[in-house]
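Presented below is the structure to which this report refers.
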Amino acid sequence: MAHDAPQATGPSKLVIRNIGLLLSGALEKPILDGDTIVAENGKITAIGRFKDVDIEGATTIVNANGTTVAPGLIDSHVHPVAGDWTPRQNQINWIDSYLHGGVTTMISAGEVHMPGRPRDVVGVKAMAIFAQRAFWTLRPGGVKVHAGAPVIECEMVEDDFKEMAAAGVKLLGEVGLGGVKDGPTARKMVGWARKYGIQSTIHTGGPSIPGSGLIDKDVVLEADTDVVGHINGGHTALPDDQIRCICEGCKRGLELVHNGNERSALFTLRTAREMGDLHRVILGTDAPAGSGVQPLGILRMVSMLSSLGDLPAELAFCLATGNTARMRELDCGIIEVGRSADFVLMDKAQHSPGKNILESVQLGDLPGIGMTIIDGIVRTQRSRNTPPAGKVPEIDSGH
């Protein structure tokens with residue numbers, strides 16, 4: 001089982017130089033003009049040209065060798081349980097494996113696969129607080145797992161949400177996976193959660209696990225959660241007219257997941273673009289699940305939406321980074337001064353027909369990952385999961 005990744009023990013200064021392409025993660029300016037990033041003590045302090053930035057005192061210098069640097073990818077929809085193990089497929093080291101797919105941050109949509117998951121109010125609160133504490137302390141491979149997402153039950157009252165928020169719980173699990181499946185009850189509890197700073201999401205579409213049920217457009221719109229979870233189904237999607245109704249009937253986040261209906265994902269993407277609401281689209285895997293664990297799931301979503309959805313690759317990467325960071329109020333996901341120094345360094349895969357990484361992704365290929373960095377610390381080098389990259393970064397000797 002992967003263990004807590006080492007943290008910096010003293011002042012640190014990271015320099016990434018010789019960057020070939022710098023993707024910002026922000027839709028309004030997806031490509032930045034620069035070949036160097038400086039980060040001190042885990043935060044970005046400078047972005048620009050090598051000749052213009054201060055590299056004195058660098059503790060680590062990475063030569064990007066002309067590769068692409070993007071914000072670390074964010075998976076907006078996972079179901080962790082305990083450490084780097086999932087009982088859903090009885091698999092260990094799945095989070096570490098996601099890191100090799102460029103994912104540096106994960107958002108729990110509920111620890112629903114916990115064996116013997118309690119349904120009583122005391123148990124629901126206890127498990128949420130436990131998960132929040134455990135994943136705050138444990139960082140498998142360095143990955144930031146935002147967990148402790150209770151699945152709400154009908155017997156809960158406002159004070160329960162106040163208590164959980166005071167204990168550090170900041171997320172609700174998917175509304176609809178527990179006893180609350182109707183719009184009025186969901187709206188009331190989502191309101192309580194929002195009052196105390198807890199963000200919410202809802203299961204959308206047909207049932208996925210025993211105990212879940214159909215959640216249609218009427219329930220989704222009445223519940224008014226912050227994020228419309230897997231609007232493309234998990235796995236079973238709603239009809240197109242209901243998906244369009246949700247897109248037009250609210251201004252909440254529209255989450256597309258790997259373990260959903262691909263055609264419905266493309267329909268949602270087109271609808272959001274037609275409405276000028278691309279900023280609402282965020283990406284997740286909805287794993288571990290019956291479909292297994294998908295270490296490359298976020299990359300596959302980026303490639304699928306770019307190639308089949310006719311979305312420029314630099315914008316597709318924003319759906320997996322800056323859009324999610326803004327929707328989820330995270331300090332990562334965008335390359336700008338002051339944010340966390342979480343990066344993925346990648347290049348087009350060897351022998352891809354694309355002339356560069358953006359063209360290769362728009363042709364449907366996955367990039368090859370050469371390095372991941374979290375909080376300014378190199379966590380992995382050449383990925384064990386992606387195709388080999390044409391060029392790979394390296395750590396300069398002596399640093």
Take His258 and Arg300 through the side-chain hydrogen bond (donor to acceptor under 3.5 Å, both in side chains) test and state the conclusion after the steps.
CA-CA 8 Å; His258 181 275; Arg300 287 175 58 84; 3.2 Å; yes

Under the salt bridge (Lys or Arg N to Asp or Glu O under 4.0 Å) test, residues paired with Glu56 that sit two or more places apart:
none

May I ask you to test the [X]-[Y] pair for a side-chain heavy-atom distance under 4.5 Å?
X      : Y      : value
Leu73  : Thr321 : yes
Leu345 : Ile16  : yes
Asp96  : Arg384 : yes
Ile243 : Ser264 : yes
Lys251 : Asp277 : yes
Phe343 : Ile44  : yes
Val169 : Pro150 : yes
Thr104 : Val344 : no

Salt bridge between [X] and [Y], side-chain N to carboxylate O under 4.0 Å?
X      : Y      : result
Glu158 : Lys195 : yes
Lys13  : Asp54  : yes
Glu28  : Arg326 : yes
Lys29  : Glu314 : no
Asp331 : Arg339 : no
Arg328 : Asp226 : no
Asp240 : Arg263 : yes
Asp224 : Arg252 : yes
Lys144 : Asp375 : yes
Asp310 : Arg270 : no
Glu163 : Lys125 : yes

For [X] versus [Y], what's the shortest heavy-atom pair and its separation?
X      : Y      : answer
Lys43  : Gly338 : CD-O, 3.7 Å
Met346 : Pro367 : SD-CG, 4.0 Å
Asn232 : Glu255 : OD1-O, 3.8 Å
Val190 : Thr225 : CG2-CG2, 3.6 Å
Ile215 : Lys181 : CD1-O, 4.0 Å
Gly284 : Met301 : O-CG, 4.3 Å

hydrophobic_cluster_shared for [Y] and [X], side chain cutoff 4.5 Å:
X      : Y      : result
Leu99  : Ile298 : yes
Val220 : Ile282 : no
Val293 : Val302 : yes
Val15  : Val392 : no
Val145 : Ile198 : yes

Can Asn259 and Gln294 be said to form a side-chain hydrogen bond (donor to acceptor under 3.5 Å, both in side chains), step by step?
CA-CA 9 Å; Asn259 287 344; Gln294 290 81 31; 3.1 Å; yes

Measure from the side-chain N and O atoms of [X] to the backbone N and O of [Y], and report whether any donor-acceptor pair falls under 3.5 Å.
X      : Y      : result
Gln199 : Met327 : yes
Ser360 : Ile357 : yes
Thr36  : Phe50  : yes
Gln242 : Lys217 : yes
Thr324 : Ala320 : no
Asn65  : Pro393 : no
Arg280 : Gly253 : no
Asp396 : Val62  : no

Any chance you could lay out the side-chain contact (heavy atoms from CB on, under 4.5 Å) test for Ile369 and Leu299, step after step, and finish with the verdict?
CA-CA 10 Å; Ile369 290 176; Leu299 282 179; 3.9 Å; yes

From [X] [atom1] over to [Y] [atom2], what is the distance, rounded to the nearest 0.5 angstrom?
X      : Y      : atom1 : atom2 : value
Asp84  : Gln91  : CG    : CD    : 9.0 Å
Leu172 : Ile202 : CG    : CD1   : 10.5 Å
Leu22  : Ile47  : CG    : CD1   : 7.0 Å
Glu394 : Ile61  : CD    : CD1   : 12.0 Å
Ile152 : Lys188 : CD1   : NZ    : 10.0 Å
Ile231 : Cys247 : CD1   : SG    : 4.0 Å

List the steps and the verdict of side-chain hydrogen bond (donor to acceptor under 3.5 Å, both in side chains) for His113 and Gln89.
CA-CA 10 Å; His113 302 313; Gln89 297 294 341; over 6 Å; no

Within residues 125-165 or reaching into it, pairs that qualify as ring-ring contact (aromatic ring centres under 6.0 Å, His included) - sequence neighbours excluded
Phe161-Trp192

Candidate pair Ile377 and Leu14, rule side-chain contact (heavy atoms from CB on, under 4.5 Å), full reasoning
CA-CA 8 Å; Ile377 301 173; Leu14 167 74; over 6 Å; no

Walk me through whether Asp35 and Asn18 qualify under side-chain contact (heavy atoms from CB on, under 4.5 Å).
CA-CA 5 Å; Asp35 61 11; Asn18 197 17; over 6 Å; no

Passing candidate, side-chain hydrogen bond (donor to acceptor under 3.5 Å, both in side chains) with His230, options His203, His235, His77
His203

Can you check side-chain hydrogen bond (donor to acceptor under 3.5 Å, both in side chains) on Tyr98 and Thr285, steps first, answer last?
CA-CA 10 Å; Tyr98 269 58; Thr285 56; 3.2 Å; yes

